[in-house]
Amino acid sequence: MLDMKFIRENRDKVIAGVTNKKEDPAFVDEVLSLDDQRRELLQKVEQLKAKKNTVSAEVGKIKSRKEDASAIIAEMKSVADEIKTIDEQLGTVEAKRTDLLLQIPNIPHESVPVGKSPAENKVIATHGDPPSVDFPMKPHWELVEKLGIIDFARGTKITGAGFPVYIGKGAQLERALINFFLDEASAQGYTEIMPPLMVNAASATGTGQLPDKEDQMYVVTKDDFYLVPTAEVPVTNLYRDEILPQKNLPVKLCAYTPCFRREAGSYGKDVRGLNRVHQFNKVELVKFVHPDSSYDELELLRGDAERLLQKLGLQYHVLLMCTGDLGFTQTKKYDLEVFAPGQKKWLEVSSVSNFESYQARRMNLRFRPDGGKPEIVHTLNGSALALPRIVAALLEHNQTPEGKVVVPKVLHGYTGFELIG
RNA sequence: GGAGAGGUGGCCGAGUGGUUGAAGGCGCUAGUCUCGAAAACUAGUAUAGUCGUAAGGCUAUCGAGGGUUCGAAUCCCUCCCUCUCCGCCA
């Protein structure tokens, strides 16, 4: 969430930012009005509490002298009632304020182009070329079926649509990619985390999945847990409610997890094959950094993700997302899209974002500047990378006329084979 | 799942209704002492909200939330977590 003080002092800026994100700016003034009410009630009740405290201490002294304090006690009873009444009002106002505060999105960074639709995202870099072949390239769903390495139909039987089964070299390729990504991250100084795959409501709120994106998560109602939609959630919450020493910054973490997403509302859109599934594997990078360096760290993070695509020899481009296409909690975001030549489509395989203090404030994640008061850290994350679309692009990019697939060299040590089929 | 014990400041630990934001110790920071260090001694050492130009004041916080009371770390209720024993189990 945003800092209440910041909203108070920058009303117009916040409204502009919220509007550019295509969110409702009406909440901003509502929050400000609730904030005024809150402070008014707070002052009133705190004065009464101060009185209560001094008089109650007095009662103690009187009683210890074995004197009569019944008159004062009777008087304080009405004060106590008044406190209770105002406290209740205060509680209501505060709950509303917090509720609204959670519904105000983070505001975009000034370097982000203002825009309404994905069409206004900017392609800021492209790398690699499509394979130069003289045969018609197949989409991956045809390749994997013939090769028998991913079985969508049986996944549907076991669970439901969007739960593919990886078989034989398909499973091995998946495992190889996960290890490759994790090893690359470790080499860049990221500490590997293996987190829980279910999180509680507090964690989901910390990263912004709740209340905004509740419908996208699978819920274990019996225990009030959520299946992780991305490792971002458990990993970013690792130090929730903690104060990190400044010398530990930047904290760099990486994690492989399966990701579970209901993908409600996206039926029929790019759902063929591996393009959009309910359960998939992903390696995620997370950083906690000093507020002064978060935009430099964002570029480094993007580099870490890009390098993987380069090493895999895939064609990709980098999008700088416009304000209207930014997520609720993000101030700036790059998407990496890889080209899948069999279906002639760009597929999003990574999303690299800065959240500034927005998540960290929700999570109460701070650092202590040397000798100073605790401050909120900035959080960033990026996929490095999401597996299914990488596999899709990789299979399509490296297919042979016979429908076999050549494994990229960097993976040979991981797969133990160089050809599928 | 059953039975029991317990959750206090960075850590250990005292505290069963009346100056307890919280004794004492450890740790940490600064100072004294020392050629320097250790030891010893002295002082300081939470977070947040709110009012104030500031100094500073006030409020809240002893797992979380609610209740009783003029007054709660202390009594009551609910929940969470940890530990021990039993059961079950990869």
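- For A:His109 and A:Tyr295, the distance between ring centers is under 6.0 angstrom.
- For the C1' atoms, the distance from B:U68 to B:C75 is 8 Å, rounded to whole Å.
- Distance check on atom P: B:G52 versus B:C62 gives 28 Å, rounded to whole Å.
- Side-chain N or O atoms of A:Arg389 include none that pairs as donor or acceptor with a backbone N or O of A:Leu347 at under 3.5 Å.
- Rounded to the nearest Å, the gap between the C1' atom of B:G65 and that of B:A72 is 15 Å.
- A donor-acceptor pair shorter than 3.5 Å can be found between the side chains of A:Asn354 and A:Ser294.
- When each of A:Ala57 and A:Val45 is assigned the nucleotide of RNA chain B bearing its nearest heavy atom, the one mapping closer to the 5' terminus is A:Ala57.
- Applying the Watson-Crick and G-U wobble criteria (two distances, each under 3.5 Å), B:A3 pairs with B:U84.
- As the counterpart of B:U74, no nucleotide is assigned, since no Watson-Crick or G-U wobble pattern has both distances under 3.5 Å.
- A distance of about 15 Å separates the C1' atoms of B:C28 and B:C12, rounded to the whole Å.
- A salt bridge links A:Asp29 to A:Arg11: one of the charged nitrogens lies within less than 4.0 Å of a carboxylate oxygen.
- With no hydrogens or angles considered, a side-chain donor-acceptor pair links A:Tyr316 and A:Gln310 at under 3.5 Å.
- Nucleotide B:G52 forms a pair with no other nucleotide shown, judged by Watson-Crick or G-U wobble geometry with both contacts under 3.5 Å.
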Please list, for nucleotides 63-69 of chain B, all pairs of protein and nucleotide N/O atoms separated by less than 3.5 Å.
| from | atom 1 | to | atom 2 | distance (Å) |
| --- | --- | --- | --- | --- |
| B:U68 | OP2 | A:Lys84 | NZ | 3.4 |

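- Only the C1' atoms considered, B:G21 is 9 Å distant from B:A46, to the nearest whole Å.
- With a cut-off of 3.5 Å on both pairing distances, the Watson-Crick or G-U wobble partner of B:U32 is B:A40.
- Spacing between B:G13 and B:A73 at atom C1', rounded to whole Å, works out to 14 Å.
- Contacts of A:Val55 with the nucleic acid, taken as non-hydrogen atoms under 4.0 Å apart, are absent.
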Give every pair of a protein N or O atom and an N or O atom of nucleotides 15-17 of chain B that lie under 3.5 Å apart, one pair per line with the distance.
none

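- What you find for A:Ala255 and A:Leu182 is that their closest heavy atoms are C-CD2, 4.2 Å.
- In this structure, the salt bridge (charged side-chain N to carboxylate O under 4.0 Å, His left out) partners of A:Glu67, at least two apart in sequence or on a different chain, are A:Arg65.
- Of the possible donor and acceptor atoms, none in the side chain of A:Lys146 sits under 3.5 Å from a partner among the backbone N and O of A:Gly403.
- Remark: A:Lys282 engages A:Glu284 in a salt bridge, criterion side-chain N to carboxylate O under 4.0 Å.
- Aromatic rings of A:Phe288 and A:His378 (six-membered ring for Trp) have centroids beyond the 6.0 Å cut-off, not under it.
- As a whole-Å value, the separation of A:Lys49 NZ from B:C70 P is 17 Å.
- Counting all heavy atoms, side chain and backbone alike, A:Ile376 lies closest to A:Ser357 at CG2-CB, 3.6 Å.
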Nucleotide by nucleotide, nucleotides 47-53 of chain B touches protein heavy atoms under 4.0 Å in the pattern (B base, S sugar-phosphate only, - none) SSBSS--
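- Take A:Arg39 and apply the salt bridge (charged side-chain N to carboxylate O under 4.0 Å, His left out) test, not counting sequence neighbours, and it matches A:Asp35, A:Asp36.
- Under the Watson-Crick or G-U wobble criterion, with both distances below 3.5 Å, B:U20 has no partner in any strand shown.
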Identify all pairs in which a protein N or O lies below 3.5 Å from an N or O of nucleotides 71-80 of chain B, and state each distance.
| from | atom 1 | to | atom 2 | distance (Å) |
| --- | --- | --- | --- | --- |
| B:G71 | O4' | A:Ser56 | OG | 3.1 |

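- Rounded to a whole angstrom, the distance from the P atom of B:G18 to that of B:A43 is 29 Å.
- In this structure, A:Phe367 places its CZ atom 19 Å from P of B:G10, rounding to the nearest Å.
- Using a 4.0 Å cut-off between a side-chain N of Lys or Arg and a carboxylate O of Asp or Glu, A:Lys49 and A:Asp87 qualify as a salt bridge.
- A straight line from NZ of A:Lys247 to C1' of B:C28 spans 13 Å, rounded to a whole angstrom.
- A:Pro196 and A:Val228 make their closest contact through O-CG1, 3.9 Å (heavy atoms, listed as atom of the first residue, atom of the second, distance).
- In terms of position along RNA chain B, the nucleotide closest to A:Gly60 lies nearer the 5' end than the nucleotide closest to the other residue of the pair A:Gln47 and A:Gly60.
- For A:Glu337 and A:Lys345, the salt-bridge test fails: no basic side-chain N is under 4.0 Å from an acidic carboxylate O.
- For the C1' atoms, the distance from B:U20 to B:G9 is 13 Å, rounded to whole Å.
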